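Written below as structure tokens is the structure these notes are about.
We number each residue from 1, following the sequence as shown. None of these values were measured; they are calculated from a predicted model.
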Amino acid sequence: MTYTGHLQLEASERYGKSVLSDAYYNGVFKISRPTYTDENLPLVQLIHVGGGYVDGDTYLTEIHVKNMAKLAVTTQASTKVYKTPHKQVMQRALYKLEAHTELHMKQDPLIAYKDARFTQETEVQMDQSASFFFTDSVTPGWSKEGTLFPFTCITSKLKVYQNGRLVIFDHLRLKPDEDLMQLLQLEGNTHVGSLFFIHSEVTVEWIQKLRDYLAYFCDDQYGVSLLQIPGVCLRILAKRTSLIEKIFAAVEEFIHSTIYNRSAISWRK
């Protein structure tokens with residue numbers, strides 16, 4: 001199958017250092033040269049040179065983190081989805097994490113404009129000893145009519161397999177025809193943020209400390225949940241992207257100080 005954008009990355013551990021050992025990209029996907037954080041963690045930016053997603057686009061991202069390696073990946077800018085009158089945009093991401101690895105995925109917001117249809121499917125195959133950090137957020141795009149939710153439908157699915165067993169299946173579906181402002185939907189909010197963190201040291205006590213740490217965000221709507229495996233899920237409802245990013249940054253700071261005993265990643269944006 002020919003994709004509008006296709007990207008493959010591989011990270012390996014060599015002589016005690018994580019490196020980007022292989023990279024392939026085709027179509028509108030490119031990557032930056034890897035830089036290294038203060039913690040010697042390779043950081044790569046994903047670049048879309050086409051300006052936005054349009055009718056019928058298909059994208060595939062594959063990332064493989066090999067034994068003992070670490071990798072941080074982010075996007076260069078927000079993902080913009082424009083009108084899709086005939087065929088929705090499809091984006092798939094496949095992440096494979098071998099033993100004792102780390103993958104940090106920080107995505108900029110998805111902005112869906114008038115009549116946009118977008119489906120994202122993310123699959124993670126990870127060893128039980130690996131750790132995975134992932135953020136995702138959705139923002140409604142501008143429309144000249146002033147409509148709050150001009151897009152047609154946004155679907156995002158996340159499946160996480162640990163040692164071959166499905167342990168997480170998250171399905172977010174936003175369809176304005178179903179009145180997103182009502183109770184048990186967005187409840188007056190316009191933006192949605194999701195954060196997943198999987199690590200063997202996440203416990204009930206750790207999550208309670210995280211809740212206490214986030215208590216000063218009292219005016220924002222968010223929920224913190226323990227997963228069925230050692231991990232946490234955070235869902236945020238807000239009226240501005242900046243509020244979601246602020247909470248994401250606070251959680252990331254807490255994770256790195258309590259789990260990794262180091263400062264949070266400097267994403268250099």
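When atom types are taken as modelled, the side chain of R117 and the backbone of T152 share no donor-acceptor pair closer than 3.5 angstrom. N189 contributes no side-chain N or O that, together with a main-chain N or O of H191, makes up a donor-acceptor pair within less than 3.5 Å. Distance alone, capped at 3.5 Å, places no donor-acceptor pair between the T122 side chain and the A93 backbone. Side chain of Y36 to backbone of S18: a donor-acceptor contact under 3.5 angstrom is found. In this structure, the side chain of Q107 does not engage the main chain of T75 through any donor-acceptor pair within 3.5 Å.
Enclosure of atom CG in N40 by more than 12 non-hydrogen atoms of other residues, nucleotides or ligands within 6.0 angstrom is indicated. At most 12 non-hydrogen atoms from other residues, nucleotides or ligands lie less than 6.0 angstrom from CD of Q128. The number of heavy atoms from other shown groups lying within 6.0 Å of CZ (R240) does not exceed 12. Within 6.0 Å of the OH atom in Y25, the count of heavy atoms belonging to other residues, nucleotides or ligands does not exceed 12. At most 12 heavy atoms of other shown residues, nucleotides or ligands fall within 6.0 angstrom of atom NZ in K83.
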Audit row: K80, S78, side-chain hydrogen bond (donor to acceptor under 3.5 Å, both in side chains) steps and yes/no: CA-CA 6 Å; K80 299 175 178 66; S78 58; 3.1 Å; yes

Full working for side-chain contact (heavy atoms from CB on, under 4.5 Å) between F118 and T155: CA-CA 6 Å; F118 175 82; T155 301; over 6 Å; no

Intermediate values then yes/no, side-chain contact (heavy atoms from CB on, under 4.5 Å), F29 and I47: CA-CA 6 Å; F29 274 171; I47 302 169; over 6 Å; no

Just do the ring-ring contact (aromatic ring centres under 6.0 Å, His included) check on Y213 and W206 with the steps written out, would you? CA-CA 10 Å; Y213 181 77; W206 183 89; 10.0 Å; no

Criterion salt bridge (Lys or Arg N to Asp or Glu O under 4.0 Å) on D170 and R235, from CA distance to verdict: CA-CA 11 Å; D170 183 68; R235 191 86 78 194; 2.6 Å; yes

Applying side-chain hydrogen bond (donor to acceptor under 3.5 Å, both in side chains), run through Q88 and T119 and close with a yes or a no. CA-CA 7 Å; Q88 68 176 348; T119 294; 2.8 Å; yes

Show, in sequence, the C-alpha distance, side-chain angles and deciding distance for V81 and F151, and conclude whether the side-chain contact (heavy atoms from CB on, under 4.5 Å) test is met. CA-CA 9 Å; V81 185; F151 57 85; over 6 Å; no

Take L94 and I63 through the side-chain contact (heavy atoms from CB on, under 4.5 Å) test and state the conclusion after the steps. CA-CA 6 Å; L94 304 174; I63 298 177; over 6 Å; no

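Of the inter-residue distances, the one linking K157 atom NZ with E121 atom CD reads 5.5 Å to the nearest 0.5 angstrom. With rounding to the nearest 0.5 Å, the separation of CD1 in I111 from OG1 in T79 is 8.5 Å. In this structure, the separation between CZ on R92 and CD on E62 is 8.0 Å, given to the nearest 0.5 Å. To the nearest 0.5 Å, the span separating OG1 on T4 from CG on D57 amounts to 4.0 Å.
For the pair H104/I265, a side-chain contact is recorded, criterion being any heavy-atom separation below 4.5 Å from C-beta on. Between Q228 and V167 there is a side-chain heavy-atom pair separated by less than 4.5 Å. Taking the side chain as every heavy atom from C-beta outward, W267 and Q45 never approach each other to under 4.5 Å. D22 places none of its side-chain heavy atoms less than 4.5 Å from the side chain of L9. Using a 4.5 Å cut-off on side-chain heavy atoms (C-beta onward), R165 and N163 make no contact. When side chains are defined from C-beta on, N26 does not count as touching Y3, because their heavy atoms never get closer than 4.5 Å. F254 places a side-chain heavy atom less than 4.5 Å from the side chain of K209. Within the 4.5 Å cutoff, side-chain heavy atoms of D136 are placed close to those of S156.
The minimum heavy-atom distance between H256 and S263, with the atom names listed, is ND1-O, 3.6 Å. Shown here for I154 and A112, the closest heavy-atom pair between the two residues is CD1-CB, 3.6 Å. Listed here is the closest heavy atom pair of V65 and K70: CG1-N, 4.2 Å. Considering all non-hydrogen atoms of both residues, P150 and G141 come closest at CG-O, 3.3 Å. Taking all atoms of both residues into account, the shortest heavy-atom contact from I31 to A23 is CD1-CB, 3.8 Å. S137 approaches P109 most closely through the heavy-atom pair OG-CA, 3.3 Å.
Close placement of the H6 and Y24 rings is indicated, their centers lying within 6.0 Å of each other. A distance below 6.0 Å separates the ring centres of H48 and Y59. For Y260 and H199, the gap between ring centers is short of 6.0 Å.
Salt bridge absent: K66 and E102 never bring a charged side-chain N and a carboxylate O closer than 4.0 Å.
At least one cation-pi condition fails for K96 and Y161: the charged atom is not both under 6.0 angstrom from the six-membered ring centre and inside a 45 degree cone around its axis.
Remark: of the listed residues V44, L41, T101, V44 is the sole one forming a side chain to side chain contact (heavy atoms under 4.5 Å, CB included) with L71. The only member of T139, I236, L237 that meets side chain to side chain contact (heavy atoms under 4.5 Å, CB included) when paired with I244 is I236.
In the model, E10 has no side-chain atom that pairs as donor or acceptor with a side-chain atom of Q8 under 3.5 Å.
A continuous path of Ile, Leu, Val, Met, Phe, Trp and Tyr side chains, each step under 4.5 Å between heavy atoms, connects L226 with F133, placing both in one hydrophobic cluster. In this structure, L103 is not a member of the same hydrophobic cluster as V19, with clusters built from ILVMFWY side-chain heavy atoms closer than 4.5 Å. Cluster annotation: L166 and I229 are assigned to distinct hydrophobic clusters (Ile/Leu/Val/Met/Phe/Trp/Tyr, side-chain heavy-atom contacts under 4.5 Å, transitive). One hydrophobic cluster, built from ILVMFWY side chains closer than 4.5 Å, cannot hold both V54 and M90; they sit in different ones. Placement of F197 and F169 in two distinct hydrophobic clusters is found when ILVMFWY residues are connected by side-chain heavy-atom separations under 4.5 Å, directly or transitively.
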